[in-house]
Amino acid sequence: MSSKIIDGKAISSQIKSEIKTETEVLISETGIIPGLAFILVGENPASKVYVKNKGKSCEELGFYSVTETLPEDVTEAELLRLIHNFNKDGKIHGILVQLPLPSHISEQIILEAIDVKRDVDGFHPLNVGRMVIGEKCFIPCTPFGIIELLRRSNVDTQGKNVVIIGRSNIVGKPVANLLIQKEFNATVTVCHSKTKDIKSITSNADILIAAIGKANFVKADFIKEGCVIIDVGINRIEDAESKTGYKLVGDVDYEDCFGKCGKITPVPGGVGPMTIAMLMRNTLDSAKGLIYGQ
Ligand code: NAP
């Protein structure tokens, strides 16, 4: 693969193989098997695929996993009861409630019910707060994956201008908070849908992170020559040549930007596979008691 391409598939495989080895050691030395509980509500096809893939990764790495599938009309109280049971289950080191939830259930109430020590998605306000002040915590998996991609591709962040497009709680905001920590020392600008003249901001970026959910939004005239592009977007667009009738593209027009940028993540095969790898990392760290103790 061209050295320009940041190969998330290869990097995530490397991380998973490290996790597998560490898991074998943990089990043989302590008998502790990392355990992850998935909670899936309703019939959202994308959510089902995500949970299935995460379960497959657990199997590959030697983790214990359990999936509870609840009907679309489950009450908030029933869902909370299930979470409380997993919170007390000694075999479970991580609990993941697949989002989005049906509209009659408050995501915030559900996420806050997860034991902070088992919050391997890193969405509990306590973990978010600890991340912001640079304390040990579970880092949300996609931002963690982005940081790890940069680290393992030797992308220097020290004093660099990082521009993030998108300010969601699961990608844009946590990535911005991580990259301003002293470890990374980046100068971060966050753009959103109300930002004026985005191009004038992005064209100053040494590292551009796009997380907006708009197919091929970033074009070559948005970027500076030699910049590093991390494309978080996953968008389905029609493709008559594909068997499924669609293909996946990012928020960045890959073909248009490839010649001008220094490095770029493809879609698929960039940030996507890293998200699952970092979920496994967080679960293993939880099982080892590395974040909050045993
Ligand atoms: P989100 O919650 O919908 O947030 C999108 C953000 O983009 C918002 O902050 C929005 O601004 C901003 N935005 C939308 N249109 C814009 C425009 N024209 N100009 C500037 N900013 C604009 O999205 P998300 O959950 O962060 O996800 C973003 C993308 O990443 C999606 O394609 C999603 O599928 C993908 N994703 C991938 C992974 C992975 O594992 N690879 C994980 C998570 C998400 P406002 O705040 O002003 O509305």
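Residues take their numbers from the sequence shown, with the count starting at 1. Read the numbers this way: they start at 1 and go in the same order the structure lists the ligands and their atoms.
When each of Asp285, Asn127, Asp119 is paired with Tyr292, the side-chain hydrogen bond (donor to acceptor under 3.5 Å, both in side chains) condition holds for Asn127 and for no other.
Comparing heavy-atom distances from atom 39 (C) of ligand 1 across Leu248, Thr275, Ile276, Ile230 singles out Thr275 as nearest. Comparing Val218, Ile198, Ile212, Ile164 by heavy-atom distance to atom 5 (C) of ligand 1, the nearest is Ile212. Selection from His192, Arg167, Arg236 by nearest heavy atom to atom 8 (C) of ligand 1 gives Arg167. In this comparison of Pro268, Ser193, Pro143, the heavy atom closest to atom 45 (P) of ligand 1 sits on Ser193.
Residue contacts with ligand 1 include Gly272, since one of its heavy atoms falls under 4.0 Å from the ligand.
Here Thr195 has no heavy atoms under 4.0 Å from ligand 1, in either its backbone or its side chain. Residue contacts with ligand 1, taken as heavy atom pairs separated by less than 4.0 Å, involve Ile165 solely via side-chain atoms from C-beta onward. Residue contacts with ligand 1 for Val232 involve both N, CA, C or O and side-chain atoms from C-beta outward (heavy atoms, distance under 4.0 Å).
Around the NZ atom of Lys219, the shell of radius 6.0 Å holds more than 12 heavy atoms that belong to other residues, nucleotides or ligands. In the displayed structure, Lys117 atom NZ is contacted under 6.0 Å by at most 12 heavy atoms of other residues, nucleotides or ligands.
Going from atom CG of Asn235 over to atom CZ of Phe217 covers 11.5 Å, rounded to the nearest 0.5 Å.
At least one N or O atom of Lys214, backbone or side chain, sits closer than 3.5 Å to an N or O atom of ligand 1. Residue-to-ligand polar distances keep Gly166 apart from ligand 1: every N/O pair is separated by 3.5 Å or more.
Scanning all protein heavy atoms for the shortest distance to atom 25 (O) of ligand 1 gives Ile170 CD1, 3.5 Å. Closest to atom 44 (C) of ligand 1, if we only count protein heavy atoms, is Val171 CG2, 4.0 Å. The nearest protein atom to atom 31 (C) of ligand 1, hydrogens excluded, is given as Gly213 CA, 3.6 Å; this is a heavy-atom distance.
We find that Glu148 and Arg281 are not joined by a salt bridge, their nearest charged nitrogen and carboxylate oxygen being 4.0 Å or further apart.
Of the protein's heavy atoms, at least one falls inside 4.0 Å of atom 21 (N) of ligand 1. There is no protein heavy atom closer than 4.0 angstrom to atom 27 (O) of ligand 1.
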